[in-house]
Amino acid sequence: MQHTTRDALETLHGTVGSIIYSSPDSGYTVCEVEENGLPVIAVGTLPYIGEGDILHASGRWTTHPTYGRQFRVETYEKQFPTSKDEILRYLSSGAISGIGPKTAARIVDKFEEDTFDVLESHPEWLVEIPGISRQKAEKISESFIEKAGARNVMMFCADFFGVSTSMKIYKKWGGRAVDMIRSNPYCLCDSISGIGFRRADAIARTCGIAMDSDARIAGGLSHVLTNAAVGSGHTCLTRSELIRETEQLLSVDEDLISAALDKLTKLGQLINETRDTISYIYLPRYHSAEVYCASKLIQLHLQCPKIDAEDIHAFIDRTEHLSGIQYAMEQRQALSAALGKGILILTGGPGTGKTTIIKGLLSIFATLGMEIALAAPTGRAAKRMSEATGYEAKTIHRLLEMEHNDNSDPVFIRNASNYLEEDVLIIDESSMIDILLLEGLLKAVKPGARVILIGDIDQLPSVGAGNVLADLIESDCFSTVRLTEIFRQDSESMIILNAHAINEGRMPDTSNHAPDFFFLTRDTDTSIAATVADLVKNRLPKAYGADFAAGIQVITPSRKGAAGTDELNLLMQSMLNPPSPEKIQRSAHGVIFRDGDRVMQVKNNYSIEWTKDGLEGLGIFNGDIGEIDSIDSASESMLIDFDGRITEYAFSGLDELEHAYAITVHKSQGSEYPVVILPLYNCAPMLLTRNLLYTAVTRASKMVILVGRKSVLSTMVNNNRHTTRYTGLKQFLKG
């Protein structure tokens, strides 16, 4: 065989003889290709390839240790057959629904090289073939057009996207995709994950769409609002700020943007809310979520069945007697409010008895014969809740029985048409709940049920859009109990004492006299990073043992800088999991993933399948941490263990993974680690805040080690600035 080389790639041209393996999700395919009469095994991401297709591919020859010589495809084009013999072979393969070998021969004998044109444009001619009715002819034509549509979409998208993204586009819109993209490329931003405004804008230029077109301005406005929600947690923006940011993005006159904005709000594609003479602009999904949550919360608050005050005190007294616990005044207040109201918000720092209250509520509600559900936003938080209470706790997604619809979009089976049966929902780590997750949860709560939201208001707000816990408390519409007393069993923990000191604006005790809280002074960012890595690799394992060291998590304020996650992950991977001939590795988006690496999922993925102890489930979520168990280059996939949940990742999905030797404080929310190491270095001033430091310290259960400058520690303790989030839940509740 003759193969030409271009930019170190070789080419393969032939007819697909058989499909050995094909994944409908990733598109990874193993097939036999006949080139010059000789069979060749081709492997790679080749979606919608079928027997009889003519394949023109670029790639490299490799030798698999088990399967021998293979052609690994990197890019490809799929061409329809043109000769009579090729067309016959293609149709005889069964690629087109309704056509078998005999029917294929009759069709090709009749129409010869014009067969494909007949199938696409003149299906009524097929009725001339014995055995083909008008109805069958239409179905054959539909099947052929679908196949042709897939080819056209993949060919069109190949100029702009990788194969996996092109697959997403075709699955979303089918054969209509090319026309939709050409007329309005900005539809990609809202519908296809991973495609941002700038990529859509580049496509728009190739399609001849004007810089000041309505479609481009609408896409820009949507992008700014989406970016504000995803990047900064805003559910809306002021009209003036939205116009200003859109003008900077598009370089289009603000009068045109203002006019387009007015048009979009009249059409209902954007929502305008005026509060205190200021106009706030929403994407519809965030506006409807805030309006719904406010309405449902008030409804639950008013509809909850009342319990007589004397009975409430009797229940609390009985629970004290049975448990042998003397409740503090704040705790009795919380128990009483939970029994007497439909909505309770319970907030407080570590060691203030939140778990004691949950146990008391479980006992009382069980006595009353009420069904109870415990849940938290993350798997780690749910696991901690279960361990602390002895009752099963689920993630909110699992509680709501998340599944996928026909478009592979996540949906909750528990919703306004299929309520949860439980009479009481107790939700922990509620500071992490964003407005869309709250909406999903509340839709599933039956009228008359109680909802108890527990969280630490002084931690960082949710990663997703909204400021749910703060808005609920500040609305003053519901009973809120703030726990402040630290109880005896926790008063000896320097982690607890220092966390409260930080939260109150006082410097923590850094004398290093306690066994669970240490400060190591380092003056340069590079020495801070080196000390952090040395602690993980050498000092802590040597002092406390390998089991203790396995519970270490490095948490840092920022991604950037010598002691940020980007540099620390490179340093710690080289020290903890260096390259080895025995370890397979794979490079993706500039990151080398290696057998044994500690990794983190960085976006919610509701469709990833996992197995654990014989059970199957769906979903790996933003912030979940696992370890790469094995990498299989042949199948272009890897197995990852997320706390016992074994998942398979296609190489095409590695853009959702990062190393997790070091993670940001924001990504650590809702999790707890035995040992936390926090580098304190000069990163972006907006990150050097009290609540970020407090959140990091409260992630540790056994030990905290701060490494860095005292001046940075002092800056963070004294900086009680909270980033403003534009939200409307509080106002909707009051209204």
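Reckoned from all heavy atoms, side chains included, excluding hydrogens, waters and symmetry mates. No experiment lies behind these values; they were computed from the predicted model shown.
In this structure, Val707 and Phe518 have side chains that are not in contact, with every pair of non-hydrogen atoms separated by 4.5 Å or more. Side-chain contact between Leu346 and Leu483: present, with at least one pair of heavy atoms (C-beta onward) separated by less than 4.5 Å.
The salt bridge (Lys or Arg N to Asp or Glu O under 4.0 Å) test with Asp624 singles out one residue from Arg380, Lys383, Arg645, and that residue is Arg645. Checked options Leu242, Thr235, Val230; the residue passing with Leu225 is Leu242 (criterion: side-chain contact (heavy atoms from CB on, under 4.5 Å)).
A tilted orientation is assigned to the rings of Phe412 and His397, their planes being inclined by 30° to 60°. Taking the six-membered ring for Trp and thresholds of 30 and 60 degrees, Phe478 and His301 have ring planes more than 60 degrees apart, a perpendicular arrangement.
Residues Glu401 and Arg414 come closest through the heavy atom pair OE2-NE, 3.1 Å.
Remark: the Thr727 side chain and the Glu290 side chain contain no N/O donor-acceptor pair separated by less than 3.5 Å.
In this structure, Lys710 satisfies the cation-pi test against Phe519, with its NZ or CZ atom closer than 6.0 Å to the six-membered ring centre and inside 45 degrees of the ring normal.
Salt-bridge check for Arg318 with Asp311: failed, with every basic side-chain N at 4.0 Å or more from each acidic carboxylate O. Using a cut-off of 4.0 Å between Lys/Arg side-chain N and Asp/Glu carboxylate O, Asp428 and Arg384 are scored as not salt-bridged.
For the ring pair (Phe, Tyr, Trp, His ring centres under 6.0 Å) test, no residue two or more places apart in sequence or in another chain qualifies with Tyr280.
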